[in-house]
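Reviewing the structure listed below.
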Amino acid sequence: MDLKQKIGYVKPYFKPYYGILFTDLLCAGLTTVSEIVLPMILRHITNLGTQDLSLITYNVITKSAILFLVIKIVEVIASYYMTSIGHIMGASIERDMRRAVYSHLQTLSASFYNDTKVGQIMSRITNDLFDITEFAHHCPEEYFIGALKFVATFFILASINLPLTLVLYAMVPIMALAANGFRQRMLRAQRNQRAHMGDLNATIEDSLAGIRVTKSFANEEMEEKRFNKENDKFLFIKKDFYRSMAGFNTITKVFDGIMYLIVIIGGGYFMMAGKILPGDMVAYIMYVTTMLTTVRRIIDFTETFQKGMTGIERFQEIMATQSEIKEIENPKILENVKGEIVFDHAYFSYENGKETVLEDFNLKIQPGENIALVGPSGAGKTTICNLIPRFYDLDAGSITIDGQNIRELTLESLRNHIGMVQQDVYLFSANIMENIRYGKPDATEEEVIEAAKLANAYNFIINLEDGFKTYVGEKGVKLSGGQKQRISIARVFLKNPPILILDEATSALDNESEAIIQKSLEKLTQGRTTITIAHRLSTVENADKILVMTKEDGIIEEGNHKELMEKEGFYYKLYTKGIDLVDAFEE
């Protein structure tokens, strides 16, 4: 995007704050007037004194002092507004943009998160938005003040001595051209810096999240080397930025000196010729200083400006990312679900056809039927379960629930009727009550407690120091694997959906806990459609239908436990070995 497009992209976020922005710019104008008036007062008094000291009376001094005092009071009030309300406006815009990007992130598909580092996402919703905030507040203000001072000082300086003023202002575009190369390098370095900040955050996040693995393998030194590599690379990028900024500032200081030299030589000559009065010379130098200070301030703001531009680019980039999972126009709401699920000639692959998982796959699950999927990794068991709630979409074919194509349903109504307990349990950084209630946000405490009892979690919860108010730590780190799994099962009990997906839901439990939970799950699955991914025979035996799958051939056997045993086929051979199905496949 070019500059105009970038400004246009963030303009809608300014719209609710136009009133504040206008007042902020008005205050900026008042502070500028205050700065411009002081040299005029000094010029007037100095010129009077050089003409005749008797012209400087108490009345003149008093009026000048009162005028300056009034203007200064106005400046102080205006500065307070700019510093407080102006910054609050910027923070409000940051909040609105963060809300927008976070809301957009909720709509993105699972494939986006498979391919994007969490650290990169965090960088975009924190660092990038902060840079945009600084830009949002300071950019209109700084450029408005700069333009006002630049124009005002030109007319005042021109009124004092036009030839000298024209020479000075002719230097400004030359200075801008000379510094432009460094400005472009700063922009490129800033882009690289922001991109690598995300990589650095991702490295830190990944390392700290796996700190227990690191310690178990005594690989602290290896992690430090990995971090130092990214950290040093970040320094290298910043060095490039600061070298560019140093060159940029050096150019401006050189032209700064040239302009003062012109004032000394030209001003001295015009004073000798009687074309500039001493008071005019004092005012002239002060206004030249104001003009150069303005130029330097704009230059200093260049870093903030470049960061803001980079932030807008990265913000636009993530907002432009579209989810592969989209609702059709006017989708239907899934209601009164019985639970019939049909895969009809389904094809699915990851990474645009690079990894085919399902090929002409057909499956019909009757309402209330409990089926089990067993087989080696890569056979498509988890993929089947992820396709039903539309975490991914089929490449071809269809999936229907009660005869309705899931692509024609609202995602919310579809997923509200599906409960999932996954192998990798995720608990939020909250207490146990809040984690279970996630299955039904408006549930009462009594409902949460009942769900915990059904999931065989109640006894261990009440024995904790704070009971249901116990903080589970980040990702549930304070609980054991079995405890976390039971809390996740309690969520599903609380949600009470007509369709259940159990992805090795009891894999982290000991045999005693699994036996108790299996009884609870049997109660829950009555009258509900249930899909169970399992490798323990205790889970498989109670299923209405067992599908034995392989990656190469899809479904190779199906039937209930009794039927498969009577066939004395592949399932029979696995069962008689008395080992887990997954282990058998791996052998």
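Lys567 contributes a side-chain N or O that, together with a main-chain N or O of Glu558, makes up a donor-acceptor pair within less than 3.5 Å. Without hydrogens or angle criteria, Arg528 side chain to Ile499 main chain gives no donor-acceptor distance under 3.5 Å. Distance alone, capped at 3.5 Å, is enough to place a donor-acceptor pair between the Ser323 side chain and the Thr107 backbone. Checked by atom type and distance alone, the side chain of Asn370 never pairs as donor or acceptor with a backbone atom of Ala543 at under 3.5 Å. A distance-only check finds a donor-acceptor pair linking the side chain of Thr529 to the backbone of Gly368 [under 3.5 Å]. The backbone N or O of Gly467 lies less than 3.5 Å from a partner atom in the side chain of Thr470, making a donor-acceptor pair. A donor-acceptor contact shorter than 3.5 Å is absent between the side chain of Arg486 and the backbone of Ala455. Between the side chain of Ser413 and the backbone N or O of Leu409 there is no donor-acceptor pair closer than 3.5 Å.
Other residues, nucleotides and ligands contribute more than 12 heavy atoms inside 6.0 Å of the CZ atom of Phe428. The local environment of CD in Gln106 is crowded, with over 12 non-hydrogen atoms from other residues, nucleotides or ligands closer than 6.0 Å.
Evaluation of the ring pair (Phe, Tyr, Trp, His ring centres under 6.0 Å) rule for Phe14 yields no partner, not counting sequence neighbours.
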Determine, stepwise, if the pair Arg390 / Asp393 fulfils salt bridge (charged side-chain N to carboxylate O under 4.0 Å, His left out). CA-CA 6 Å; Arg390 286 194 72 193; Asp393 270 339; 2.8 Å; yes
Before you tell me yes or no, could you show the steps for Glu563 and Lys545 under salt bridge (charged side-chain N to carboxylate O under 4.0 Å, His left out), namely the whole-Å CA-CA distance, both residues' side-chain angles and the distance that decides it to 0.1 Å? CA-CA 9 Å; Glu563 292 169 346; Lys545 184 187 294 183; over 6 Å; no
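The pair Glu327-Arg407 fails the salt-bridge criterion, with no side-chain N (NZ, NE, NH1 or NH2) lying under 4.0 Å from an Asp/Glu carboxylate O. Under the 4.0 Å criterion applied to side-chain N and carboxylate O atoms, Arg226 and Glu223 are assigned as salt-bridge partners. A salt bridge is defined here as a Lys NZ or Arg NE, NH1 or NH2 lying under 4.0 Å from an Asp or Glu carboxylate O, and Asp402 with Lys338 fails to meet this definition. Ionic pairing of Lys6 and Glu313 is present here: one or more N-O contacts between side-chain nitrogen and carboxylate oxygen are shorter than 4.0 angstrom. For the pair Lys364 and Glu340, the salt-bridge criterion is met [side-chain N within less than 4.0 Å of a carboxylate O].
Here the side chains of Leu105 and Ile125 are in contact, with some heavy-atom distance below 4.5 Å. Using a 4.5 Å heavy-atom cutoff, the side chains of Leu387 and Phe348 are in contact. Counting heavy atoms from C-beta outward, Ile371 and Leu363 have side chains that approach closer than 4.5 Å. Annotation: side chain of Leu564 is in contact with side chain of Glu557 (closest heavy-atom distance under 4.5 Å).
Taking the six-membered ring where tryptophan is involved, the planes of His87 and His138 are perpendicular, since the angle between them exceeds 60° and thus also 30°.
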